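The chains referred to below are lettered A, B, ... by the order of the sequence lines, with proteins before strands, and numbering in each begins at 1. The shown structure was predicted, so the numbers you read here are calculated from the model rather than taken from an experiment.
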Amino acid sequence: MRDRFFHRSDRSQIYTPFMESSSNEPVIILSGGGDFFMKDLPGNISVRVENGKVVEIKLGSDESNCPPKVKKELEEYFSGKRKEFSFPVEIRGTSFQKKVWEEVRKIPYGETRTYREIAEKLNTSPRAVGQALAKNPLPLYIPCHRVVSKRGLGGFSAGLEWKRFLIDLERGSR
DNA sequence: CACCAGTGCTCGG
DNA sequence: CCGAGCACTGGTG
């Protein structure tokens with residue numbers, strides 16, 4: 001059986017069975033494309049898989065073809081039926097970034113914390129937390145949209161529209 | 001050393 | 001109450 005996965009540089013087909021790849025080749029799996037997900041998402045999404053694990057989720061990317069397991073979980077999440085993900089991931093970052101991301105993963109669905117609150121738990125500064133979150137390779141899975149500034153929303157790499165959307169989604173007002 | 005997805009403070013509307 | 005300016009912050013390349 002052949003699936004269609006893509007190199008970042010070269011979008012020609014490469015075959016790698018999802019979750020079973022033995023090669024070390026970086027593989028890109030893309031999703032989105034119009035009605036692939038719910039119609040009112042702020043944008044499409046792409047997912048990158050290497051050696052059977054999701055290593056990058058990109059909001060606002062407009063390509064196509066996502067592994068079925070991941071697609072299913074994302075669609076459930078976006079329709080409000082799923083609160084956590086079970087697909088395999090590999091989290092890549094510095095040790096500090098991993099600490100921040102781990103802490104952020106503890107924030108319950110539908111709740112938010114401030115950058116300062118996260119910083120205090122880790123004995124660091126809000127600024128450093130923001131900087132680590134800006135590098136989050138797995139938005140949604142590492143729910144950085146649940147971290148807001150003390151006054152307003154704070155920032156979001158994929159755009160504040162996404163951040164608002166995700167917070168509203170989890171609040172159930174959607 | 002110069003960036004930053006932050007925060008608290010101080011002014012002036 | 002709001003916004004602009006400013007100092008301070010701590011990890012990163």
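Between the CD1 atom of A:Ile118 and the C1' atom of B:dT7 there is a distance of 15 Å, rounded to whole Å. Distance A:Lys135 NZ to B:dC4 P: 10 Å, rounded to the nearest Å. Spacing between atom CD of A:Gln131 and atom P of C:dT9 amounts to 16 Å, rounded to whole angstrom units. The CH2-C1' distance, from A:Trp101 to C:dG11, rounds to 12 Å in whole Å. For A:Glu120 and C:dT9, the CD to P distance is 15 Å, given to the nearest whole Å. Between the CG atom of A:Leu133 and the P atom of B:dT7 there is a distance of 11 Å, given to the nearest Å. The distance between atom OH of A:Tyr115 and atom C1' of B:dT7, rounded to the nearest whole Å, is 12 Å. Distance CG (A:Asn123) to C1' (C:dG10): 12 Å, rounded to an integer number of Å.
Counting non-hydrogen atoms under 4.0 angstrom, A:Phe156 reaches a base of the nucleic acid. Residue contacts shown for A:Arg116 are limited to sugar-phosphate atoms, with no base heavy atom under 4.0 Å away. Within 4.0 Å (heavy atoms only), A:Ser157 reaches at least one base atom of the nucleic acid.
Contact annotation: A:Ser125 does not reach the phosphate of B:dT7 (side-chain N/O to OP1 or OP2, under 4.0 Å). Note on A:Thr94: a side-chain N or O is less than 4.0 Å away from OP1 or OP2 of C:dT12. Listed pair A:Lys150 / B:dG6 fails the phosphate criterion, with no side-chain N or O lying under 4.0 Å from OP1 or OP2.
With both pairing distances under 3.5 Å, B:dA5 is matched to nothing as a Watson-Crick or G-U wobble pair. Searching all strands for a Watson-Crick or G-U wobble partner of C:dC2 with both distances below 3.5 Å returns B:dG12.
Checking B:dA5, C:dG10, B:dT7 against every side-chain atom of A:Lys163, the shortest atom distance belongs to B:dA5. Checking C:dG11, C:dT9, B:dA5 against the side-chain heavy atoms of A:Ala134 singles out B:dA5 as nearest. Closest contact between the side chain of A:Thr124 and the listed nucleotides B:dG6, C:dG11, B:dA5 involves C:dG11.
Just one of A:Thr94, A:Leu122, A:Thr124, A:Val147 meets the side chain to side chain contact (heavy atoms under 4.5 Å, CB included) condition when paired with A:Val100; it is A:Leu122.
For A:Arg92 and A:Glu90, the salt-bridge test passes: some basic side-chain N is under 4.0 Å from an acidic carboxylate O. We find that A:Arg116 and A:Glu120 are joined by a salt bridge, their nearest charged nitrogen and carboxylate oxygen being less than 4.0 Å apart.
Taking the ring axis of A:Tyr109 as reference, the NZ or CZ atom of A:Lys83 stays within 45° of it and closer than 6.0 Å to the ring centre.
If you check the side chains of A:Glu170 and A:Tyr77, you find a donor sitting under 3.5 Å from an acceptor.
Of the residues near DNA chain B, A:Gly130 and A:Arg151, the one whose nearest nucleotide (by heavy atom distance) lies more toward the 5' end is A:Gly130.
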